[in-house]
2 protein chains.
Amino acid sequence: MDTLDILRQLAIIIIAAKFFGLLARKCKAPQVAGEIIAGLLIGPSLFNLVESSDFLAGMAEIGVIILMFTAGLETNISDLKKTGLKATVIAFVGVFVPLVCGTLLYMAFYGFSAIGTDGFYRAIFIGTILTATSVSITVSTLREMGKLQGELGQTIMSAAIIDDVIGIIVLTVVIGFKKPDSDVGSVLLHTAAFFVLAFVLGIIIYKLFKWYDNQHPHTRRIPILGIALAFALSYVADKYFGVADITGAYVAGVILCSLRDSDYITQKMDTNSYIIFGPVFFCSIGLQTNIRTLDMTILWFSLAFVAVGLLSKVVGCGLTARLLGYRGHNALKVGVGMMTRGEVALIVAQRGLKVDMLEPAYFTAVILLIIISSILTPLLLKALYAKDPPEEQKA
Amino acid sequence: MDTLDILRQLAIIIIAAKFFGLLARKCKAPQVAGEIIAGLLIGPSLFNLVESSDFLAGMAEIGVIILMFTAGLETNISDLKKTGLKATVIAFVGVFVPLVCGTLLYMAFYGFSAIGTDGFYRAIFIGTILTATSVSITVSTLREMGKLQGELGQTIMSAAIIDDVIGIIVLTVVIGFKKPDSDVGSVLLHTAAFFVLAFVLGIIIYKLFKWYDNQHPHTRRIPILGIALAFALSYVADKYFGVADITGAYVAGVILCSLRDSDYITQKMDTNSYIIFGPVFFCSIGLQTNIRTLDMTILWFSLAFVAVGLLSKVVGCGLTARLLGYRGHNALKVGVGMMTRGEVALIVAQRGLKVDMLEPAYFTAVILLIIISSILTPLLLKALYAKDPPEEQKA
């Protein structure tokens with residue numbers, strides 16, 4: 001692509017993403033949904049103003065690394081420790097149930113495949129997309145209602161965060177299976193090796209950053225070195241351990257999340273993200289989807305995918321919470337709070353596209369799930385909290 | 001280039017640029033010089049860790065657009081009105097002197113050729129490469145020193161901008177000697193048309209932004225719409241008027257420079273620039289050079305070319321500034337500030353290659369001039385400003 005044309009495409013992407021992002025917000029839907037729709041409209045589906053290219057793919061890659069790095073940075077390790085046990089159990093079940101249900105759904109539509117075949121991996125990948133809850137929408141709804149600080153709110157939040165981590169591990173393992181020279185043992189070994197290395201190296205890197213941050217607080221060097229760490233760790237994860245590059249970026253964020261200046265880094269990353277890289281990333285998802293190629297099978301599959309995606313989380317997490325001692329309606333809140341999907345699901349889907357475990361047509365299903373869950377969760381949570389007797393509102 | 005490799009290259013570029021940038025600052029040189037040297041070291045000249053690619057070229061392009069947009073945003077229109085006439089005269093002489101000197105240099109090395117012969121065009125093309133000052137390095141040096149706002153800084157910047165426009169016109173005219181389908185009149189007409197359009201459209205766009213900024217002050221939308229305008233205007237300038245895209249970006253900045261939130265936009269652009277795009281842009285200048293491929297004739301020619309390139313600008317612009325009433329050391333600052341060459345010189349050289357008016361070997365000379373001028377200008381400017389008596393620091 002001609003460098004001059006890059007400028008034209010960026011201008012269109014940025015304006016369209018912002019316009020539809022704001023429009024989505026006006027309609028009480030998340031901005032992200034608007035940005036994806038913007039990509040759909042300017043792409044091959046409708047106006048064909050911008051086409052996906054290697055350059056935009058590279059920009060989107062940087063965008064996703066920044067997003068995952070920021071998600072890691074926002075982790076609160078001490079909160080995670082407090083609500084830890086219950087949240088971990090809920091998160092595990094909340095990953096397992098959608099994973100299995102998603103896999104079965106694909107097989108129900110396209111036939112059962114033997115373990116180890118391409119069809120099997122495609123099925124399991126559909127399950128993998130369903131694993132990760134999006135914290136952001138649930139958190140902002142709970143915060144808006146003043147319910148974030150209670151035990152229930154903290155449990156939901158911690159479970160959603162842990163569930164992200166497990167989801168990413170699942171993704172890593174599933175993608176590892178696809179590589180021709182790999183067997184299950186080697187994949188698990190490589191993944192474990194990466195996390196051990198990340199843990200050991202993470203402590204050293206954290207100490208170095210902490211020392212440097214104390215010497216030069218609030219300087220540009222801190223976010224600059226931070227993003228360099230995210231790029232480096234993403235590369236090392238993927239190249240040498242077969243772990244998804246976004247996992248590396250997320251781990252880089254977690255390593256730096258207890259830094260005094262972690263908010264400062266987040267803020268600078270955010271500025272980089274929302275002006276260019278974010279719009280490019282979310283639009284490029286729309287760009288890669290051509291709704292003209294949709295057929296009825298995909299459409300039915302998408303609707304089933306949304307239903308399975310929502311119900312598997314509500315049932316899986318809700319029942320687990322009930323078994324852990326929450327009363328019925330509180331357990332339901334946990335289930336509903338965990339059912340949102342967001343950018344991580346998209347990121348996982350895109351990774352699948354890259355390693356040829358997912359076809360572009362299925363993006364429609366993922367986008368539909370994100371939009372519907374993001375609109376439904378706040379409405380249901382509000383309704384459930386409204387039914388609480390006054391003395392239980394604190395729970 | 002593989003998207004994974006992008007992450008490796010970015011990590012190296014960001015770390016190297018930051019390290020050598022800080023080292024340069026420790027040595028009282030501006031960071032920009034360090035970042036170019038970083039590019040030289042990690043490129044094919046030495047460690048060969050990163051090679052220039054279409055992707056990096058695109059990123060560098062975005063970097064230079066953001067840089068020029070920011071420069072435009074920081075324009076003080078009343079200062080520009082004050083410096084306009086002087087800047088125009090300086091720019092004209094600053095194009096004419098290097099054009100003639102460069103032509104004579106080539107003839108001195110390879111023999112005098114009659115007007116109309118191929119040798120004559122080759123000679124005049126060498127002069128053409130020398131015409132356009134690169135604003136970006138001078139601007140970032142002046143900004144780093146806090147000297148961009150003064151009358152002198154504004155004069156240098158305005159002259160450099162006008163000089164770019166004249167340089168592009170000269171290029172078009174010179175190439176027109178060989179290609180019968182473009183004539184001087186049409187080039188001048190297109191350029192004039194662009195500035196008229198930019199002026200009329202600029203007033204409307206400014207009013208729209210001003211109204212929107214009052215409705216939604218300090219929102220993300222303002223910088224987002226701003227950068228979109230910069231990309232759009234850059235594209236339109238180059239595509240439809242044959243005016244350099246960086247001129248379009250600068251004009252976009254000037255349109256918005258009187259906005260209440262112009263500082264807010266600048267600040268957000270700055271964050272985008274220093275974390276990724278800036279390092280990539282400056283490193284990519286170093287990356288395009290392979291000092292290992294030089295032979296003796298080209299080496300001597302290159303050294304002479306660099307000397308002529310630097311001196312013709314310093315003498316041409318400096319003497320003109322002196323005649324226009326600047327004191328000796330301030331006139332020298334104007335000369336030195338105008339001697340940087342950058343991406344425009346490279347673009348001119350590339351076009352020469354395309355129309356067979358330049359051989360590839362001469363690229364080394366151009367890149368050498370860019371590197372040496374980029375390193376020398378900041379050093380000399382700093383030294384010149386350091387010599388100012390305190391009461392003249394504002395000049």
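These numbers come from a predicted model, not from an experiment. Convention: sequence-line order gives letters A, B, ...; per-chain numbering from 1.
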> When only pairs under 4.5 Å are counted, which of A:Asp245, A:Ile13, A:Ile15, A:Leu22 shares the most heavy-atom pairs with chain B?
Replying inline: A:Leu22
>> Just verifying a value: how many Å separate A:Asp5 CG and B:Asp238 CG, rounded to the nearest 0.5 Å?
In response: 11.5 Å
> To the nearest 0.5 Å, how far apart are CZ in A:Phe55 and CD1 in B:Ile6?
Replying inline: 8.5 Å
>> Can you confirm whether B:Asp54 sits close enough to A:Asp54 that some side-chain heavy atom of one is under 4.5 Å from a side-chain heavy atom of the other?
In response: no
> Quick one: are A:Leu10 and B:Ile65 in side-chain contact, heavy atoms under 4.5 Å?
Replying inline: no
>> Which residues in residues 227-236 of chain B have any heavy atom closer than 4.5 Å to a heavy atom of chain A?
In response: B:Ile227, B:Ala228, B:Phe231, B:Ala232, B:Ser234, B:Tyr235
>> Can you give me the closest heavy-atom contact between B:Tyr274 and A:Pro223, atom names plus distance?
In response: OH-CG, 4.2 Å
> Between A:Arg8, A:Lys18, A:Lys239, A:Glu61, which shows the greatest number of heavy-atom pairs under 4.5 Å with chain B?
Replying inline: A:Arg8
>> Sub-4.5 Å heavy-atom contacts with chain B: which residues of residues 346-357 of chain A show up?
In response: A:Lys354
>> Does any backbone or side-chain atom of A:Met59 lie under 4.5 Å from a heavy atom of chain B? Answer side chain, backbone, both or neither.
In response: both
> Among all residues two or more places apart in sequence or in another chain, which pass the salt bridge (Lys or Arg N to Asp or Glu O under 4.0 Å) test with A:Arg220?
Replying inline: B:Asp270
> Can you tell which of B:Ile12, B:Leu225, B:Ile276 has the highest number of heavy-atom pairs within less than 4.5 Å of chain A?
Replying inline: B:Ile276
>> According to side-chain hydrogen bond (donor to acceptor under 3.5 Å, both in side chains), who are the partners of A:His218, at least two apart in sequence or on a separate chain?
In response: A:Asp261
>> Any heavy-atom pair between the side chains of B:Lys268 and A:Ile275 that's under 4.5 Å?
In response: yes
